[in-house]
Amino acid sequence: GQLDTTCHAFVGETVVLPCSTTPPGEVTLSKSMLYWQIGTKLVHFFQNGQDSLEGQDKKFRGRTSLFLDQMKHGNLSLRLSNVQLQDDAEYSCIYRQTKNHQTKKFTIKLNVSAPSGIEEPPSPSEQNQIPSGSPRAVPCLAMLPLSFLLLVPLGLWHL
């Protein structure tokens with residue numbers, strides 16, 4: 001499938017790989033399955049309203065989590081902590097509803113770079129693209145659809 005988005009992170013950082021149902025609506029967690037994988041490697045699996053990590057690839061053990069409080073509103077993003085160079089890959093976010101067998105798949109590419117203190121100084125052509133002293137903010141955190149970000153305050157308003 002085609003690439004839905006690309007994320008960038010440095011080794012040791014925590015990155016959020018964005019994935020959300022569109023249009024965002026109520027997700028019935030007990031009747032849903034969510035797979036995060038690289039090819040056939042299982043990065044994170046969620047079913048019947050809870051994490052199910054028995055088959056998780058061991059290199060991801062203890063480093064992945066979902067936003068459980070936001071999943072029912074359609075936020076299926078994966079938080080990956082202590083990013084490693086070997087995490088550089090194309091991740092698939094596969095969401096399946098068990099009641100109507102509807103499946104949605106999103107592809108997110110993660111580009112991992114070594115921290116700037118370790119790698120060679122950039123060549124002059126690269127310096128134009130990488131401003132020195134740029135903040136270490138991970139751009140993917142801001143990539144959730146605005147409509148989803150509005151759901152949370154609006155949901156609280158009706159309490």
Side-chain angles (χ1 to χ4, degrees), residues 1-29 32-47 51-53 55-57 59-97 100-116 119 122 125-155:
Q2 90 266 14
L3 209 56
D4 291 294
T5 191
T6 302
C7 296
H8 302 274
F10 288 98
V11 170
E13 285 186 329
T14 295
V15 67
V16 175
L17 303 179
C19 184
S20 59
T21 58
T22 49
E26 284 296 309
V27 174
T28 309
L29 298 181
S32 312
M33 288 189 284
L34 176 63
Y35 301 84
W36 274 94
Q37 19 188 104
I38 301 171
T40 57
K41 267 192 270 184
L42 190 61
V43 177
H44 201 100
F45 180 49
F46 180 92
Q47 69 172 349
D51 289 331
S52 180
L53 302 178
Q56 184 182 39
D57 188 275
K59 76 175 188 173
F60 291 102
R61 203 148 284 160
R63 297 196 298 129
T64 62
S65 62
L66 302 170
F67 295 88
L68 298 175
D69 56 331
Q70 297 172 24
M71 285 180 72
K72 65 177 180 281
H73 301 297
N75 182 359
L76 309 176
S77 302
L78 180 77
R79 183 189 294 117
L80 177 62
S81 59
N82 190 19
V83 171
Q84 304 298 311
L85 280 173
Q86 64 265 29
D87 295 339
D88 188 296
E90 277 187 17
Y91 291 75
S92 296
C93 169
I94 302 160
Y95 169 68
R96 181 174 294 147
Q97 293 176 320
N100 60 7
H101 303 288
Q102 191 178 6
T103 300
K104 293 180 180 172
K105 181 177 178 182
F106 306 91
T107 304
I108 297 95
K109 172 80 176 99
L110 176 60
N111 293 324
V112 180
S113 309
S116 51
E119 61 188 3
S125 64
E126 285 180 55
Q127 281 179 329
N128 297 338
Q129 300 161 356
I130 308 168
S132 60
S134 61
R136 284 283 173 102
V138 180
C140 291
L141 292 174
M143 295 190 76
L144 289 172
L146 183 61
S147 58
F148 170 73
L149 294 173
L150 292 173
L151 269 180
V152 177
L154 291 175

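Residue indices begin at 1 and follow the sequence shown. Quantities reported herein were computed from a predicted structural model and do not represent experimental measurements.
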Side-chain (K59) to main-chain (Q86) donor-acceptor, under 3.5 angstrom
yes
Would you check if the side chain of N111 reaches a backbone N or O of H8 as a donor-acceptor pair within less than 3.5 Å?
no
Partner residues of S65 under the side-chain hydrogen bond (donor to acceptor under 3.5 Å, both in side chains) criterion, sequence neighbours left out
R79
Name all residues meeting the side-chain hydrogen bond (donor to acceptor under 3.5 Å, both in side chains) criterion together with D88; count only those two or more places apart in sequence or in a different chain, and write none if there are none.
K109
Applying side-chain hydrogen bond (donor to acceptor under 3.5 Å, both in side chains) to S81 and not counting sequence neighbours gives none
dist L34:CG -> R96:CZ (nearest 0.5 Å) comes out at 11.0 Å
Between T6, I38, D87, T5, which is the residue that forms a side chain to side chain contact (heavy atoms under 4.5 Å, CB included) with L110?
D87
Considering non-hydrogen atoms only, spot the tightest contact between A114 and L85 and give its length.
N-CD2, 4.0 Å
Minimum side-chain heavy-atom gap C19-L78 below 4.5 Å
no
Hey, could you give me the CD/OG distance between Q70 and S77, rounded to the nearest 0.5 Å?
8.0 Å
Specify the closest pair of heavy atoms between S20 and N75, including all atoms of both residues, with the distance to one decimal.
CB-CA, 4.4 Å
What donor-acceptor contacts under 3.5 angstrom involve side-chain atoms of residues 40-47, with partners at least two apart or in another chain?
{"from": "H44", "atom 1": "ND1", "to": "T64", "atom 2": "OG1", "distance (Å)": "2.7"}
{"from": "H44", "atom 1": "NE2", "to": "D51", "atom 2": "OD1", "distance (Å)": "2.8"}

The test is side chain to side chain contact (heavy atoms under 4.5 Å, CB included); show your working for L53 and F60 and say whether it passes.
CA-CA 10 Å; L53 302 178; F60 291 102; over 6 Å; no
Across all chains, not counting sequence neighbours, the side-chain hydrogen bond (donor to acceptor under 3.5 Å, both in side chains) partners of Y95 are S32, Q97
Would you indicate whether the side-chain heavy atoms of F106 and L17 approach each other to under 4.5 Å?
no
When every non-hydrogen atom of P18 is compared with those of W36, the smallest separation belongs to O-CH2, 4.3 Å
Check K105 against S92 and note the closest heavy-atom contact, atom names and distance.
CE-OG, 3.4 Å
To the nearest 0.5 Å, atom CD1 of I94 lies from atom OG1 of T103 at 8.5 Å
Mind checking the CD1-CG spacing from I108 to D4? Nearest 0.5 Å is all I need.
6.0 Å
